[in-house]
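Values below: every heavy atom of this structure, side chains too, minus hydrogens, waters and symmetry copies. What you are looking at is a predicted structure, and each value in this text was computed from that prediction instead of being measured.
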Amino acid sequence: MKKAIHLPAIFLAGVLGTAFPLQVLAAPTDSPSFSRSEEEWARLKDNKLEYDEIPDLIHEYNVTVLNNRTSYRDYLGDTPSDITQRYRDAAKELRNNIQYPDDPTDMSYATMLMAAQMSETQAQNLEKQADTNVDDSQSIFLQYQQVEANLVFSTKLNLISYYQMLLSGQLNREHKELLEALYRSAQIQAQVGNATELDVLSARQAIEQLDGTIISSDREIQTLKQKICLATGWSYDANPEFGSLPQVNMAQIDAVNLAADQALALENSYGLKISLRQYDNSTDPSTKENLEKTIHDNRQKIASDVTTKYQALLTARASYELAVAEEEIEQQNLIATQHKLQAGTASQLEYQQQTYGMSEKKIATQTAMLNLLTAWETYQAAINGLASVS
């Protein structure tokens, strides 16, 4: 039986989700029930998203992954010539369905002509892909694996960003309390002649500007939450509980062996594996030569990318350690201000300003830790196959 014409569709990571009504996993999964224990399925199907569940949730419920897996079944055992023929069949089918308009006075003439020309361009592109095709079922499988790994990575980073934005929102609300206190102080000072109406207006304007920032930030938080939900199987408007994030193990950073990790990144790289498979599939001398150059370039860039991400990891760790030190100093400043308040040499407003300064440093430390987690995950992703080859 002739296979249906399905082209290698490596779906973009932006296509992220499927339905999850009433907070219950409703997205279909093609995995058999016996592929996981009852406890594992129950954990995936509850209404809590744990950080370590992200790879399994995406594998089982992400619409892109499910579509790719379904699509791949149609490629099992395909050779490069099989896939080349699919491109040619698709181009032929497109051309057979092109209808050029023949009446220039028809109101829809321009639209129909444009549609016909677009179809012709698509057919030409498919024929070019047929002429240069070096893919087979294995290279397509590697590309689908790469898409899934990228979805897992991006969703982890989105969850980290979500928590960072929550911290920022918390600080903004504390800042608003301080600005409101400064506004009240400006009003009192204006009443006794120690401040102008412009001072009062400026204090009020600062609150209004921060209100705009808070509204925008809340909107971004909601958008990010929707992306995370869709990526992991919930509907965009679901409200699952998000679990806590892991702590970075400093000892693991100390134990990093850069040379060994570069070798591991080369071994695991999806991009390099795909290029090597395409090289094996190629028969055209020019294509083979270009792929040979690509493979050499891949190897160089993978090693460089791992080094860059390792340096970023060390920088993030140093930034975290600096934030911890600055928080400790600010804690001492807060204690000193508290003593002054008790002694009557500092005002309640000064103490509130110092308290806000302490909150700034505390949240800066927490944010720096999340930045460190991002750097760690980015480094691990590079080692595990996602090192940049471009």
Evaluation steps, side chain to side chain donor-acceptor pair (under 3.5 Å), between Asn47 and Trp234: CA-CA 9 Å; Asn47 197 40; Trp234 278 267; 3.0 Å; yes
Please tabulate, for side-chain N and O atoms in residues 98-105, each donor-acceptor pair with protein atoms closer than 3.5 Å (sequence neighbours left out).
from, atom 1, to, atom 2, distance (Å)
Asp103, OD1, Thr105, N, 3.1
Asp103, OD1, Thr105, OG1, 2.5
Asp103, OD2, Thr105, OG1, 3.2

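- Residue Lys362 places its NZ atom among 12 or fewer non-hydrogen atoms of other residues, nucleotides or ligands, all under 6.0 Å distant.
- For residues 244-293, there are no ring pair (Phe, Tyr, Trp, His ring centres under 6.0 Å) pairs, not counting sequence neighbours.
- Residues satisfying the salt bridge (Lys or Arg N to Asp or Glu O under 4.0 Å) criterion with Lys293, sequence neighbours excluded, are Glu289.
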Test side-chain contact (heavy atoms from CB on, under 4.5 Å) on Leu372 and Met369 and set out the steps. CA-CA 5 Å; Leu372 180 57; Met369 172 54 80; 4.3 Å; yes
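- A search for side-chain contact (heavy atoms from CB on, under 4.5 Å) contacts involving Arg173 returns Ile214, Asp218, not counting sequence neighbours.
- In terms of modelled atom types and a separation under 3.5 Å, the side chain of Asn133 and the main chain of Gln129 share no donor-acceptor contact.
- Distance NZ/Lys227 to CG/Leu159: 13.5 Å, rounded to 0.5 Å.
- With sequence neighbours excluded, no residue satisfies side-chain contact (heavy atoms from CB on, under 4.5 Å) with Ile188.
- A salt bridge is defined here as a Lys NZ or Arg NE, NH1 or NH2 lying under 4.0 Å from an Asp or Glu carboxylate O, and Lys156 with Asp52 fails to meet this definition.
- Other cluster members for Met114: Met118, joined by side-chain heavy-atom distances under 4.5 Å among Ile, Leu, Val, Met, Phe, Trp and Tyr.
- Listed by chain and number, the residues in a salt bridge (Lys or Arg N to Asp or Glu O under 4.0 Å) with Lys48 are Glu50, Glu241 (sequence neighbours excluded).
- Looking only at side-chain heavy atoms (C-beta outward), Leu314 and Gln311 stay at 4.5 Å or farther from each other.
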Does Phe153 form a side-chain contact (heavy atoms from CB on, under 4.5 Å) with Thr378? I'd like the steps, not just the answer. CA-CA 8 Å; Phe153 174 55; Thr378 302; 3.7 Å; yes
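- With hydrogens and angles left out, the side-chain atoms of Ser71 and Asn68 include no donor and acceptor closer than 3.5 Å.
- Met358 and Ile335 fall into different hydrophobic clusters, defined by Ile, Leu, Val, Met, Phe, Trp and Tyr side-chain heavy atoms under 4.5 Å apart, directly or through other members.
- Applying the side-chain hydrogen bond (donor to acceptor under 3.5 Å, both in side chains) rule to pairs touching residues 109-118 yields nothing, sequence neighbours excluded.
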Pairs of donor and acceptor atoms involving the side chains of residues 245-267, under 3.5 Å and at least two apart or interchain, shall be tabulated with distances.
from, atom 1, to, atom 2, distance (Å)
Asn249, OD1, Ala251, N, 2.9
Asp254, OD1, Arg317, NH1, 2.6
Asn257, OD1, Ala259, N, 3.3
Asn257, OD1, Ala260, N, 3.1
Asp261, OD2, Tyr379, OH, 2.7
Gln262, NE2, Ala303, O, 3.1
Gln262, NE2, Thr307, OG1, 2.7

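- Side chains of Ile302 and Val389 form a contact here, defined as non-hydrogen atoms less than 4.5 Å apart.
- Contact check for Asn290 versus Thr287: no side-chain heavy atoms found under the 4.5 Å cut-off.
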Counting only pairs under 3.5 Å, give me each side-chain donor-acceptor contact of residues 324-331, with atom names and distances, residues two or more places apart or in other chains.
from, atom 1, to, atom 2, distance (Å)
Glu327, OE1, Thr365, OG1, 2.8
Glu330, OE2, Gln354, NE2, 2.6

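- A salt bridge links Lys309 and Asp305; the closest N-O separation between the charged side-chain nitrogens and carboxylate oxygens is under 4.0 Å.
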Step by step, would you call Phe242 with Lys225 a side-chain contact (heavy atoms from CB on, under 4.5 Å)? CA-CA 10 Å; Phe242 288 172; Lys225 182 178 181 180; 3.9 Å; yes
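- Residue pairs meeting the ring pair (Phe, Tyr, Trp, His ring centres under 6.0 Å) criterion with at least one partner in residues 110-142, sequence neighbours excluded, are Tyr72-Phe141.
- Between Gln226 and Asp237 there is no side-chain heavy-atom pair separated by less than 4.5 Å.
- Tested against Ser359, the residues Glu174, His175, Glu177 include a single side chain to side chain donor-acceptor pair (under 3.5 Å) partner, Glu174.
- With sequence neighbours excluded, no residue forms a salt bridge (Lys or Arg N to Asp or Glu O under 4.0 Å) with Glu292.
- A single hydrophobic cluster is not seen to contain both Leu313 and Leu322; linkage of ILVMFWY side chains at heavy-atom distances under 4.5 Å, directly or through other members, places them apart.
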